[in-house]
Amino acid sequence: MFRKEVSISETYKPQEVEKKLYSFWEEKGFFKPDSDPQKPSYCIVIPPPNVTGTLHMGHALNVTLQDILIRWKRMLGYSALWVPGTDHAGIATQNVVERQLLQEGINRYQLGRTAFLEKVWKWKESCGGIIIEQLKRIGASCDWSRLRFTMDEGLSEAVKEVFLRLFEEGLIYRDLRLINWCPRCHTALSDLEVEHEELEGKLYYIKYPLKEDPKKFITVATTRPETMLGDTAVAVNPEDKRYKNLIGKILILPLINREIPIIADSVVDMEFGTGAVKVTPCHDFNDAEIAQRHNLPYVCVINEEGIMTENAGKYKGLERYEARKRIINDLTELGLLEKTEKHKHAVGCCYRCKTVIEPFQTVQWYVKIKPLAEEAVRVVQEGRIKFIPEGWVNNYYAWMRDIKDWCISRQLWWGHRIPVWYCTKCKTSDGNEQGDLIEVLFYKPITLNGKEIWGGSFNELRSYGISKEEIEQRAKIIKIPKEIKHFASREEPKNCPYCGSEELIQDPDVLDTWFSSALWPFSTLGWPQQTEDLKRFYPTDVLVTGFDIIFFWVARMIMMGMKFMKDVPFRDVYIHALVRDSKGQKMSKSKGNVIDPLVMIEKYGADAFRFTLAAFAAQGRDIRFSEERVEGYRHFINKIWNAMKFIMNFAHLRTKEEVKLEDLKSFKERWILSKLSDAIYETNRALEAYRFNDAAGAVYHFLWHEFCDWYIELSKVILYSDKEDKEETVNCLFYVFENILKLLHPFMPYVTEEIWLNILGKDNSIMISPYPTYDLVGKDEDAIYRMEQIIEAISGIRSIRGELNIAPSLAVDVYIKSLDSQTEEILNDGHHFILKLAKVRSLKIQRDISRAKGSAVSVKKNFEIYIPIKGLIDIEQEKKRLLKELQKVEQDIGFLNKKLMNEDFIRNAPKEVVRKDKEKYEELLIKHDKIKENLSIIEELIN
RNA sequence: GGGCGGAUAGCUCAGAUGGGAGAGCGCAGCCCUUACAAGGCUGAGGUCACAGGUUCGAUACCUGUUCCGCCCACCA
């Protein structure tokens, strides 16, 4: 009835089936959520990879875990939706394109804004599909019809909407501050985008002469001597006795001979350096704070490019590190460099290009974050969002507590442009037009009537007849002072709402990439439109991501979700590990230790690779990826394949799809079903707790060590006999195997589907078959007990054979003395299994057995095994074996004895524990005697 | 300067709520037995980093130490 003619290949060949099956699933629309409104929903949104990127190990792990969850839930009957998408990745992508341009010898400013953006879009199109194709190779069952991109029309709408609403509420504002500036990327960075790197630097001790007596000095210590040109004070601690009488006096700043005061501020650490600190408000965050308190002037000596400005006097035009060298030289010549010390300190670097960041004073856009953060902390405290493993919440809280306003503007071109416009005609308070205050700088001059124009105020440039568009296209820098009137708008405005003028200019900056990512869980579902998807799938169920973006992304999604959806964006946050190389090193291109997931897939197949990642994904620890492990799981797939081949030999004997525990006659069938029940329970429970490794381990163990090692071996006794009724065994083999396939499918989608569909010949995909749940099959404790006895007997015999080196070709005679009638019955019931699996020629099982002299012995709880070995092997060997066992038993007895003699143990330990130990002790004593007895018989034989 | 995580077999790692430690790979011995040598069977291999403490009992809980790794932080 189930007979189906198929040709089964020797081994599983992933390359031949993966592509075919994936297209099949996709064409059938299995990745789409079920539209049945009765079904509960389950939703995951993918952490969007960089649209121009390629797949790395981190993605592979991330995607595999999500796919396991989504396939599992889909099979459990949920309407499961996994929303895919990609991120425009502002700086990263722009950098790549800029680097390409550099190869042609041009930069983005030469190209102009529009032309450059065209290039980036082209680049995006040229590689935008790659990452998606790679996700598919892993087997990701995303609903590709819902694929989104952070800069597509809908998501751009969402970004605008959010910006406008926050702006209107006063939660977005502009301000002039010191910010982290990357001189290479030419943009501001948020605090998070600065990586602190511990570097071996130098501490320079520089003497500043006193004005009233230039022979006297104060010595300051600094790691950045080049910034001294911008010093506007020297600060000491008010308590510092060394300097107390100098407070208020004037110093002459060397090299440029500017006068600066000595001030007192309690943040100065008396212990460090000389206890006197040079204050450079324009180029140091601390100093800026000191300057605020003391109302010090700001002197900027380093510009956007990291080049010294005209305030640097004769050092103008020098690159910052070159200037440092010159200044040290000059100070040495002047005798003002007291000494130089080695000094380790943390230097802030750009997270994208590793350039040392420069604190720089500019006007930027900020999000007032406190009100959003408070709400985001609350929902986690209330347990509405759970972190797994939960240890991460502490990190989350810590960061949220001291969170600073989020700098969201970037001086880039690739990204969502800030929807704010400035009027150049509106008047400022002192009667000027605002456009006069806007400073424009070109990368290369515009030639007008033979005159080179490098820049100027906006209005000035317009008066030369340079168009607004040209200014926007060609400007390298457009500085718009903080005071200038502005307004936000959804659409490009025609007129200034204040004065009606048409002379408007849009903010040149774009938003931080993470601004759009923060909206991801609802923007991808259609917000701000009130779509069906949004109603059905928000809040999503789980976010699966790495710990490195908890602050960048997770926290911000929670804030934005609460703000705009009034609900959490997801209920669980599963934080997975970082994938390192086998030596524990972070993978990086520069180290050359990157393992390409696609190479793994090609070599071992997607299933083996996925299973490896799942098996590695224990909570709370980084993964040291090892290829050997993948190889090991390829062997596992081979095992599945071979088991299938075996079973398929009997397909024609199958009579039933379903098998019920109650209907089964033999203990071995009842046993394997009970074990299946355990495996089902373990797998589901582990997945519910995001314990992927345990889930993978449970199925692995069941398939290999219970189903293959025991059940298949037992079944051969039936199947290769011509007397036995094979129906029940065959039905069970198939039934259990099919359930294993289902259990495995979320982990190994391809091989399970290949077998299911093309070999078992099922008429529908395994991915929409019902996942086994704990109530599917019951458990039969009696069968489990019986099987344990049989296993013990077989193992006992095998152990003797193995340890005494009895060749497998030698069939032995075995006598089993059972200690009770029940055991006798059980062993007799299974005697043909023992015969076959232990390679026994004749087997006698009785309560009163007379045992032949010169037998090897194994003592079990309920029975003893005797194997006459006289003539088979050297008796001495058996003696050695028994002595070894005796030693082990005596050791155990000693230990238990000590424990049981301890009155405190008897009194305090749970009764159950005491009872068990006593029982064990009794058994060991008996065993001990038996071994002794056997030893003495052996002695006799030898002598 | 704070905070977090790790230290278990030769290697890579599991060990929910304390009762003499497990897997995979590797290693040794024996096997090409009619699903599978990418396999089977049998073994060897561990003072669970160190020192204290709590407990009848600690690899697990507490304290301290050492060695790794990470995150955060304005010592110039």
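All chains are named by letter (A, B, ...) in the order of the sequence lines, taking the proteins before the strands, and each is independently numbered beginning at 1. If you're wondering where the values come from, they're calculated on a predicted model, not measured in any experiment.
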Any [X] side-chain N or O less than 4.0 Å from OP1/OP2 of [N]:
| X | N | answer |
| --- | --- | --- |
| A:Arg691 | B:G15 | yes |
| A:His635 | B:G39 | yes |
| A:Trp704 | B:G40 | yes |
| A:Ser799 | B:G43 | yes |
| A:Lys839 | B:C30 | no |

In whole angstrom, give the distance that lies between atom [atom1] of [X] and atom [atom2] of [N].
| X | N | atom1 | atom2 | result |
| --- | --- | --- | --- | --- |
| A:Phe646 | B:G39 | CZ | C1' | 15 Å |
| A:Glu885 | B:G43 | CD | C1' | 14 Å |
| A:Glu197 | B:C70 | CD | P | 11 Å |
| A:Tyr700 | B:G22 | OH | C1' | 13 Å |
| A:Glu631 | B:C11 | CD | P | 20 Å |
| A:Arg798 | B:U42 | CZ | C1' | 10 Å |
| A:Ile712 | B:U34 | CD1 | C1' | 14 Å |
| A:Glu803 | B:G29 | CD | C1' | 11 Å |

Any salt bridge linking [X] with [Y]? Criterion: basic side-chain nitrogen under 4.0 Å from a carboxylate oxygen.
| X | Y | result |
| --- | --- | --- |
| A:Glu631 | A:Lys603 | no |
| A:Arg685 | A:Glu682 | yes |
| A:Glu923 | A:Lys920 | no |
| A:Glu289 | A:Arg177 | no |
| A:Glu358 | A:Arg224 | yes |

> Reading RNA chain B 5' to 3', how would its secondary structure be written in dot-bracket notation, given Watson-Crick and G-U pairs with both distances under 3.5 Å, brackets [ ] for crossing pairs and | for partners on other strands?
Replying inline: (((((((..((((.....[..)))).(((((.......))))).....(((((..]....))))))))))))....

Protein-nucleotides 5-8 of chain B N/O pairs closer than 3.5 Å?
unit_1, atom_1, unit_2, atom_2, d
B:G6, O3', A:Arg621, NH2, 3.4
B:A7, OP1, A:Arg621, NH2, 3.2

> Checking all strands, does A:Glu903 fall into the base, sugar-phosphate, or nothing category for heavy-atom contacts under 4.0 angstrom?
Replying inline: nothing

>> Going by the rule salt bridge (charged side-chain N to carboxylate O under 4.0 Å, His left out), which residues pair with A:Glu903 if we only count those two or more places apart in sequence or in a different chain?
In response: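 With neighbours one apart ignored, the set is empty.
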
>> According to salt bridge (charged side-chain N to carboxylate O under 4.0 Å, His left out), who are the partners of A:Arg798, at least two apart in sequence or on a separate chain?
In response: none

> Are a donor atom and an acceptor atom from the side chains of A:Thr227 and A:Lys278 found within less than 3.5 Å of each other?
Replying inline: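 Looking only at side-chain atoms, A:Lys278 and A:Thr227 do form a donor-acceptor pair, the distance falling under 3.5 Å.
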
Atom pairs under 3.5 Å: protein N/O with N/O of nucleotides 74-76 of chain B:
unit_1, atom_1, unit_2, atom_2, d
B:C74, O2', A:Asn286, ND2, 2.5
B:C74, N1, A:Asn286, OD1, 3.1
B:C74, O2, A:Asn286, OD1, 2.7
B:C75, O2, A:Asp269, OD2, 2.4
B:A76, OP2, A:His343, NE2, 3.4
B:A76, O2', A:Ala221, O, 3.2
B:A76, N6, A:Asp269, O, 2.5
B:A76, N6, A:Phe272, O, 3.0
B:A76, N1, A:Asp269, N, 3.2

Do any N or O atoms of the protein come closer than 3.5 Å to N or O atoms of nucleotides 55-57 of chain B, and which pairs are they?
unit_1, atom_1, unit_2, atom_2, d
B:C56, OP1, A:Asn908, ND2, 3.1
B:C56, O2', A:Asn902, ND2, 2.8

